[in-house]
Amino acid sequence: MSLEPAEVQFEPDLLGFGYKGRHTNIYADVRTQATSGDVLDATMELRAIPVAYHWDYGDGTSRTTYEPGEPLSDYDGTGEEINKMDFKTPTSHVYEETGIFEVTVTTEFIGQYRFDGGEWTGIPGSISVESSPGEADIWTQNSRWVSGACESRDQWGCNGPVQFDPSTDRPPKIYQDQYDENGRWLGPID
(Lines give C-alpha, C1' and ligand atoms only; values in the text may rest on other atoms or scores of the structure.)
Protein backbone atom coordinates (compact mmCIF):
# COMPACT_ATOMS: atom_id res chain seq x y z
CA MET A 1 0.00 0.00 0.00
CA SER A 2 1.44 3.33 -1.06
CA LEU A 3 0.57 6.18 1.32
CA GLU A 4 -0.16 9.72 0.23
CA PRO A 5 1.65 12.30 2.39
CA ALA A 6 -0.27 15.01 4.19
CA GLU A 7 -0.38 18.46 2.62
CA VAL A 8 0.75 21.40 4.73
CA GLN A 9 -2.06 23.96 4.72
CA PHE A 10 -2.53 27.47 6.05
CA GLU A 11 -5.61 29.59 6.63
CA PRO A 12 -7.26 29.66 3.18
CA ASP A 13 -7.78 33.45 3.29
CA LEU A 14 -4.15 34.12 4.26
CA LEU A 15 -2.17 31.74 1.97
CA GLY A 16 0.65 31.31 4.49
CA PHE A 17 0.86 35.01 5.41
CA GLY A 18 1.45 35.80 9.07
CA TYR A 19 2.99 38.29 11.46
CA LYS A 20 6.06 37.90 13.64
CA GLY A 21 5.09 37.25 17.26
CA ARG A 22 1.55 36.11 16.42
CA HIS A 23 -0.05 32.71 15.95
CA THR A 24 -0.02 31.41 12.37
CA ASN A 25 -2.54 28.59 11.92
CA ILE A 26 -0.96 25.66 10.09
CA TYR A 27 -2.65 22.30 9.63
CA ALA A 28 -2.21 18.97 7.86
CA ASP A 29 -4.65 17.93 5.15
CA VAL A 30 -4.62 14.14 5.60
CA ARG A 31 -7.09 11.31 5.95
CA THR A 32 -7.31 7.59 6.63
CA GLN A 33 -6.26 5.71 3.51
CA ALA A 34 -7.58 2.30 2.51
CA THR A 35 -7.22 -0.37 -0.14
CA SER A 36 -8.65 -3.84 -0.68
CA GLY A 37 -8.02 -6.91 -2.76
CA ASP A 38 -8.68 -10.63 -3.02
CA VAL A 39 -6.36 -12.97 -1.13
CA LEU A 40 -6.98 -16.76 -1.14
CA ASP A 41 -10.73 -16.54 -1.85
CA ALA A 42 -11.25 -13.77 0.73
CA THR A 43 -11.46 -10.01 0.46
CA MET A 44 -8.75 -8.33 2.49
CA GLU A 45 -8.95 -4.66 3.42
CA LEU A 46 -6.02 -2.56 4.63
CA ARG A 47 -6.22 0.88 6.15
CA ALA A 48 -3.63 3.36 7.36
CA ILE A 49 -4.78 5.75 10.07
CA PRO A 50 -2.89 8.98 10.80
CA VAL A 51 -2.18 9.22 14.54
CA ALA A 52 0.66 11.74 15.05
CA TYR A 53 2.03 14.77 13.26
CA HIS A 54 5.69 15.76 13.58
CA TRP A 55 5.98 19.42 12.55
CA ASP A 56 9.13 21.19 11.35
CA TYR A 57 8.28 24.90 11.17
CA GLY A 58 11.36 25.84 9.16
CA ASP A 59 12.70 28.23 11.80
CA GLY A 60 14.63 25.65 13.82
CA THR A 61 11.65 24.63 15.95
CA SER A 62 9.58 21.47 15.79
CA ARG A 63 6.91 19.69 17.79
CA THR A 64 4.53 16.76 17.68
CA THR A 65 0.74 17.02 17.77
CA TYR A 66 -1.85 14.27 17.87
CA GLU A 67 -4.41 16.00 15.73
CA PRO A 68 -3.95 17.45 12.24
CA GLY A 69 -5.55 20.81 12.92
CA GLU A 70 -8.06 22.52 10.67
CA PRO A 71 -8.96 25.88 9.17
CA LEU A 72 -10.48 28.36 11.58
CA SER A 73 -14.16 29.11 11.55
CA ASP A 74 -15.25 32.74 11.37
CA TYR A 75 -16.68 32.77 14.92
CA ASP A 76 -15.84 31.11 18.21
CA GLY A 77 -18.34 29.21 20.37
CA THR A 78 -19.68 32.43 21.92
CA GLY A 79 -20.40 34.15 18.60
CA GLU A 80 -17.32 36.39 18.75
CA GLU A 81 -15.44 36.89 15.49
CA ILE A 82 -12.09 35.06 15.39
CA ASN A 83 -8.95 37.08 14.58
CA LYS A 84 -7.37 34.69 12.06
CA MET A 85 -4.13 36.70 12.19
CA ASP A 86 -3.51 35.71 15.81
CA PHE A 87 -5.56 32.80 17.13
CA LYS A 88 -3.93 29.96 19.02
CA THR A 89 -4.82 26.48 17.78
CA PRO A 90 -3.36 23.04 18.65
CA THR A 91 -1.23 23.25 15.49
CA SER A 92 -0.48 27.00 15.24
CA HIS A 93 3.04 28.37 15.52
CA VAL A 94 4.48 31.72 16.60
CA TYR A 95 7.46 32.83 14.50
CA GLU A 96 9.98 35.04 16.27
CA GLU A 97 11.61 36.31 13.07
CA THR A 98 10.38 37.52 9.70
CA GLY A 99 11.07 35.59 6.51
CA ILE A 100 9.87 32.79 4.30
CA PHE A 101 9.91 29.43 6.09
CA GLU A 102 9.45 25.97 4.60
CA VAL A 103 7.07 24.00 6.83
CA THR A 104 6.87 20.21 6.67
CA VAL A 105 4.84 17.65 8.56
CA THR A 106 5.77 14.01 8.91
CA THR A 107 2.61 11.99 9.50
CA GLU A 108 2.82 8.78 11.51
CA PHE A 109 0.31 6.12 10.38
CA ILE A 110 -0.73 2.89 12.07
CA GLY A 111 -2.11 0.02 10.02
CA GLN A 112 -5.05 -2.34 10.37
CA TYR A 113 -6.41 -5.19 8.25
CA ARG A 114 -9.50 -7.38 8.07
CA PHE A 115 -10.89 -10.22 5.98
CA ASP A 116 -14.40 -10.35 4.49
CA GLY A 117 -15.72 -7.42 6.54
CA GLY A 118 -14.70 -8.93 9.91
CA GLU A 119 -13.09 -7.20 12.88
CA TRP A 120 -10.13 -4.90 12.27
CA THR A 121 -6.77 -6.22 13.49
CA GLY A 122 -3.81 -3.95 14.23
CA ILE A 123 -0.53 -4.29 12.36
CA PRO A 124 2.47 -3.92 14.70
CA GLY A 125 4.54 -0.76 14.31
CA SER A 126 3.91 2.41 12.37
CA ILE A 127 5.13 4.15 9.25
CA SER A 128 6.01 7.82 8.81
CA VAL A 129 5.53 9.81 5.60
CA GLU A 130 6.96 13.33 5.12
CA SER A 131 5.01 16.02 3.28
CA SER A 132 6.19 18.40 0.63
CA PRO A 133 6.91 21.78 2.21
CA GLY A 134 4.39 24.56 2.57
CA GLU A 135 5.53 28.16 2.75
CA ALA A 136 4.96 30.46 5.73
CA ASP A 137 5.55 34.10 4.74
CA ILE A 138 6.07 36.00 8.00
CA TRP A 139 6.17 39.79 8.16
CA THR A 140 6.39 42.45 10.82
CA GLN A 141 3.66 45.00 11.27
CA ASN A 142 4.47 48.68 11.45
CA SER A 143 1.80 51.32 11.94
CA ARG A 144 1.78 55.03 12.67
CA TRP A 145 -0.81 57.25 14.27
CA VAL A 146 -1.54 60.50 12.51
CA SER A 147 -3.75 63.39 13.57
CA GLY A 148 -5.62 63.79 10.29
CA ALA A 149 -6.02 62.69 6.71
CA CYS A 150 -2.90 62.47 4.56
CA GLU A 151 -2.57 65.34 2.11
CA SER A 152 0.74 64.23 0.60
CA ARG A 153 2.92 61.11 0.62
CA ASP A 154 5.76 63.29 1.97
CA GLN A 155 4.01 63.77 5.32
CA TRP A 156 5.11 61.64 8.25
CA GLY A 157 3.00 58.49 8.43
CA CYS A 158 1.62 58.99 4.91
CA ASN A 159 4.26 57.16 2.89
CA GLY A 160 1.78 54.60 1.62
CA PRO A 161 2.25 50.96 0.73
CA VAL A 162 5.61 49.24 0.55
CA GLN A 163 7.37 49.14 -2.82
CA PHE A 164 9.26 45.91 -3.55
CA ASP A 165 12.48 45.29 -5.42
CA PRO A 166 11.46 42.17 -7.41
CA SER A 167 15.08 41.00 -7.63
CA THR A 168 15.31 40.65 -3.84
CA ASP A 169 11.77 40.44 -2.46
CA ARG A 170 8.14 39.88 -3.28
CA PRO A 171 4.77 40.84 -1.84
CA PRO A 172 2.97 38.19 0.22
CA LYS A 173 0.76 35.87 -1.83
CA ILE A 174 -2.41 37.42 -0.41
CA TYR A 175 -1.37 40.83 -1.81
CA GLN A 176 0.43 39.83 -5.04
CA ASP A 177 -2.51 40.92 -7.20
CA GLN A 178 -2.05 44.45 -5.83
CA TYR A 179 1.49 44.84 -7.25
CA ASP A 180 2.86 44.91 -10.80
CA GLU A 181 5.87 42.88 -11.99
CA ASN A 182 8.20 45.77 -11.01
CA GLY A 183 7.07 45.78 -7.36
CA ARG A 184 4.97 48.94 -7.66
CA TRP A 185 1.71 49.02 -5.76
CA LEU A 186 -1.41 49.10 -7.96
CA GLY A 187 -3.99 49.04 -5.18
CA PRO A 188 -6.73 46.56 -4.37
CA ILE A 189 -8.17 44.77 -7.38
CA ASP A 190 -11.95 44.47 -7.20
Side-chain angles (χ1 to χ4, degrees), residues 3-33 47-112 126-146 157 159-162 164 168-179 185 187-189:
L3 296 177
E4 292 291 320
E7 286 186 34
V8 174
Q9 298 288 327
F10 300 88
E11 273 308 303
D13 299 347
L14 301 176
L15 304 175
F17 178 76
Y19 286 121
K20 172 183 167 182
R22 295 186 182 181
H23 287 275
T24 299
N25 188 34
I26 306 169
Y27 59 96
D29 184 4
V30 66
R31 66 187 191 306
T32 296
Q33 299 172 46
R47 68 181 178 186
I49 304 164
V51 294
Y53 308 88
H54 309 285
W55 296 93
D56 180 338
Y57 293 107
D59 63 350
T61 63
S62 60
R63 73 175 167 149
T64 297
T65 64
Y66 296 96
E67 57 185 272
E70 62 187 353
L72 291 166
S73 62
D74 292 331
Y75 299 93
D76 67 12
T78 67
E80 292 292 317
E81 189 170 357
I82 289 177
N83 176 3
K84 294 181 181 182
M85 298 297 286
D86 189 21
F87 191 83
K88 184 177 182 177
T89 70
T91 55
S92 65
H93 181 64
V94 176
Y95 287 91
E96 299 300 332
E97 298 296 329
T98 60
I100 297 173
F101 301 94
E102 287 193 349
V103 181
T104 58
V105 61
T106 300
T107 307
E108 185 179 341
F109 292 89
I110 59 168
Q112 296 179 331
S126 65
I127 188 167
S128 295
V129 181
E130 185 174 344
S131 70
S132 295
E135 195 173 81
D137 195 357
I138 307 302
W139 290 71
T140 189
Q141 189 173 29
N142 187 358
S143 61
R144 298 179 180 177
W145 291 93
V146 294
N159 55 350
V162 175
F164 293 96
T168 60
D169 206 355
R170 66 170 200 216
K173 289 178 188 173
I174 63 170
Y175 299 119
Q176 281 181 343
D177 65 342
Q178 296 182 21
Y179 287 83
W185 188 67
I189 307 297

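Residue numbers count from 1 along this sequence. These numbers come from a predicted model, not from an experiment.
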Checking [X] now: which residues fulfil salt bridge (charged side-chain N to carboxylate O under 4.0 Å, His left out) with it, not counting sequence neighbours?
{"X": "Asp137", "value": "Arg170"}
{"X": "Asp86", "value": "none"}
{"X": "Lys20", "value": "none"}

No-hydrogen, no-angle side-chain donor-acceptor test under 3.5 Å, Trp55 and Thr91: no
Residue pairs passing the salt bridge (charged side-chain N to carboxylate O under 4.0 Å, His left out) test where at least one lies in residues 9-19, sequence neighbours excluded: Asp13-Lys84
Taking all non-hydrogen atoms of both residues into account, name the closest pair between [X] and [Y] and its distance.
{"X": "Ser132", "Y": "Val8", "value": "O-CG2, 3.9 Å"}
{"X": "Phe17", "Y": "Ile174", "value": "CD2-CD1, 3.6 Å"}
{"X": "Ala6", "Y": "Val30", "value": "CB-CB, 3.7 Å"}
{"X": "Arg63", "Y": "Ser92", "value": "NH2-O, 2.6 Å"}

Min side-chain heavy-atom separation Tyr57-Thr24 under 4.5 Å: no
Side-chain heavy atoms of Val103 within contact of Phe10, under 4.5 Å: yes
The criterion is side-chain hydrogen bond (donor to acceptor under 3.5 Å, both in side chains); which residues satisfy it with [X], sequence neighbours excluded?
{"X": "Gln112", "result": "Arg47"}
{"X": "His93", "result": "Asp59, Thr61"}
{"X": "Thr78", "result": "Asp76"}
{"X": "Ser62", "result": "none"}

Counterpart residues, ring pair (Phe, Tyr, Trp, His ring centres under 6.0 Å), relative to Phe101 (two or more places apart): Tyr95
Residues that Phe87 engages under ring pair (Phe, Tyr, Trp, His ring centres under 6.0 Å), provided they are two or more places apart: none
Rounded distance [0.5 Å steps], [atom1] in [X] versus [atom2] in [Y]:
{"X": "Arg31", "Y": "Thr107", "atom1": "CZ", "atom2": "OG1", "result": "12.0 Å"}
{"X": "Glu108", "Y": "Ile127", "atom1": "CD", "atom2": "CD1", "result": "10.5 Å"}
{"X": "Thr64", "Y": "Tyr53", "atom1": "OG1", "atom2": "OH", "result": "12.0 Å"}
{"X": "Arg22", "Y": "Ile138", "atom1": "CZ", "atom2": "CD1", "result": "11.5 Å"}
{"X": "Ile82", "Y": "Leu72", "atom1": "CD1", "atom2": "CG", "result": "5.5 Å"}

Partner residues of Val129 under the side chain to side chain contact (heavy atoms under 4.5 Å, CB included) criterion, sequence neighbours left out: Leu3, Pro5, Phe109
Side chain to side chain contact (heavy atoms under 4.5 Å, CB included) against Glu130, all qualifying residues, sequence neighbours excluded: Thr104, Thr106
